[in-house]
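Only one structure is covered here, and it is reproduced in the block below.
Nothing here was measured: the structure is a model prediction, and the numbers come from that model. Just so you know, ligand 1 is whichever comes first in the structure, and atom 1 is the first atom listed for that ligand.
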Amino acid sequence: MNKREKMGKFCEEVRKLSIEIMGAITESLGLGRDYLSSRMDENGTQVMAVNCYPPCPGPEKALGLPPHSDYSCITILLQNLAGLKIFDPMAHGGSGRWVVVPQVTGVLKVHIGDHVEVLSNGLYKSVVHKVTLNEEKTRISLASLHSLDMNDKMSVPCELVNDENPVRYKESSFKDFLDFLVKNDISQGDRFIDTLRIKD
Ligand SMILES: O=C(O)CCC(=O)C(=O)O
Ligand SMILES: [Fe+2]
């Protein structure tokens, strides 16, 4: 297999895995394993981001990627070096802290994205993460983002709504997110999910 074929195979396999994981997530919400499968399988969007972070002489002065959450249902990630950090908002009595995601060869990481936060009406929270740089080594990551079709809007399922649990998010599509990106600076901390929250 040449590199192109290997990458193609990786994309296909990781896509199958995303459907499995999404099935487990929708099942955990009481919606059944196939709740989203047709909207993610034949009709879903997969964005493969291949990130290359060259060595940086002053890693404390720069970031590879600023803090953000992914506008996907889930993101499946492979990294060759540590550098990814996730924010744990519950640590230190609610003031939060950054946690390094260790590098383990061959291990895939799975991030909850904004779409699953909406799908679960806030039961799952999308993970805020950032990338720090290495002084000596180049870091490469493959981030596969799995979502619905560009124009398919994710909304809170009626099965999860009752008197105690009103709808907490507005519906939105990947296209709505792209429109937001054009008008806002996510490197300054603007988060699309914040524009979707319905205030009590
Ligand atoms: O490089 C990484 O580990 C993370 C990449 C990432 O967060 C992204 O592409 O959205
Ligand atoms: Fe990300």
Side-chain angles (χ1 to χ4, degrees), residues 3 6-8 10-15 17-18 21-22 25 40 44-89 96-120 124-148 150 154 169 172-196:
K3 288 212 170 94
K6 274 191 193 158
M7 193 64 196
F10 180 74
C11 289
E12 270 172 35
E13 292 300 323
V14 97
R15 184 178 176 87
L17 179 63
S18 75
I21 296 172
M22 281 308 298
I25 290 175
M40 288 201 68
T45 311
Q46 176 178 16
V47 175
M48 179 66 77
V50 181
N51 302 299
C52 176
Y53 308 91
C56 174
E60 62 300 324
K61 296 198 195 92
L63 277 177
L65 272 182
H68 66 282
S69 57
D70 293 341
Y71 196 68
S72 55
C73 285
I74 53 171
T75 300
I76 302 179
L77 194 104
L78 186 64
Q79 62 177 11
N80 72 331
L81 269 187
L84 178 67
K85 290 190 174 175
I86 57 169
F87 190 68
D88 174 4
R97 72 177 171 125
W98 286 99
V99 184
V100 176
V101 177
Q103 151 60 15
V104 184
T105 304
V107 164
L108 298 169
K109 286 98 190 159
V110 179
H111 287 174
I112 296 292
D114 291 347
H115 256 171
V116 163
E117 182 163 336
V118 173
L119 169 76
S120 68
Y124 284 91
K125 299 281 187 253
S126 62
V127 62
V128 174
H129 52 285
K130 66 180 180 182
V131 178
T132 54
L133 295 166
N134 191 288
E135 209 166 342
E136 282 147 28
K137 297 189 187 135
T138 297
R139 177 171 181 274
I140 294 182
S141 70
L142 304 181
S144 188
L145 286 81
H146 301 270
S147 326
L148 306 179
M150 197 61 116
M154 179 66 89
Y169 299 85
S172 69
S173 65
F174 199 76
K175 164 94 175 36
D176 295 329
F177 169 66
L178 295 181
D179 292 343
F180 169 87
L181 267 190
V182 174
K183 297 190 197 113
N184 297 273
D185 189 355
I186 58 165
S187 70
Q188 296 306 311
D190 294 338
R191 289 184 71 198
F192 185 54
I193 188 84
D194 291 337
T195 70
L196 301 178

Query raised in the report: At what distance, to the nearest 0.5 angstrom, does CE of M40 lie from OG of S18?
Result: 5.0 Å
**Report entry** Other residues, nucleotides, ligands: >12 heavy atoms within 6.0 Å of E136 CD
**Finding:** no
Write 'none' if nothing qualifies; otherwise put on separate lines each N/O atom of ligand 1 with a protein N/O atom under 3.5 Å away and their distance to 0.1 Å.
residue: ligand 1; atom: 1 (O); partner: Y53; partner atom: OH; Å: 2.6
residue: ligand 1; atom: 1 (O); partner: R139; partner atom: NH1; Å: 3.0
residue: ligand 1; atom: 1 (O); partner: S141; partner atom: OG; Å: 2.6
residue: ligand 1; atom: 3 (O); partner: R139; partner atom: NH1; Å: 3.3
residue: ligand 1; atom: 3 (O); partner: R139; partner atom: NH2; Å: 2.7
residue: ligand 1; atom: 7 (O); partner: H68; partner atom: NE2; Å: 3.2
residue: ligand 1; atom: 7 (O); partner: H129; partner atom: NE2; Å: 3.0
residue: ligand 1; atom: 9 (O); partner: N51; partner atom: ND2; Å: 3.3
residue: ligand 1; atom: 10 (O); partner: H68; partner atom: NE2; Å: 3.2
residue: ligand 1; atom: 10 (O); partner: D70; partner atom: OD1; Å: 3.2

Query raised in the report: Is there side-chain contact between S126 and D70, with at least one heavy-atom pair below 4.5 Å?
Result: no
Requested in this report: Using side chain to side chain contact (heavy atoms under 4.5 Å, CB included) as the criterion, point out the one residue from I74, V127, I25 that pairs with V110.
Outcome: I74
Query raised in the report: Pairs in or reaching into residues 57-76: which pass ring-ring contact (aromatic ring centres under 6.0 Å, His included), with residues at least two apart or in two chains?
Result: H68-H129, Y71-H115, Y71-F177, Y71-F192
Query raised in the report: Near the Fe ion (ligand 2), which protein N/O/S atoms fall under 2.8 Å?
Result: H68 NE2, D70 OD1, H129 NE2
Report task. Taking salt bridge (charged side-chain N to carboxylate O under 4.0 Å, His left out) as the test, write out the residues that go with D185, two or more places apart. Result -> none
Requested in this report: Check L63 against K130 and note the closest heavy-atom contact, atom names and distance.
Outcome: CD2-CD, 4.1 Å
Query raised in the report: Nearest heavy-atom pair of V104 and K109: which atoms, and what distance?
Result: N-NZ, 4.4 Å
Query - Side-chain touch Y124/L119, heavy atoms, less than 4.5 angstrom - result: no
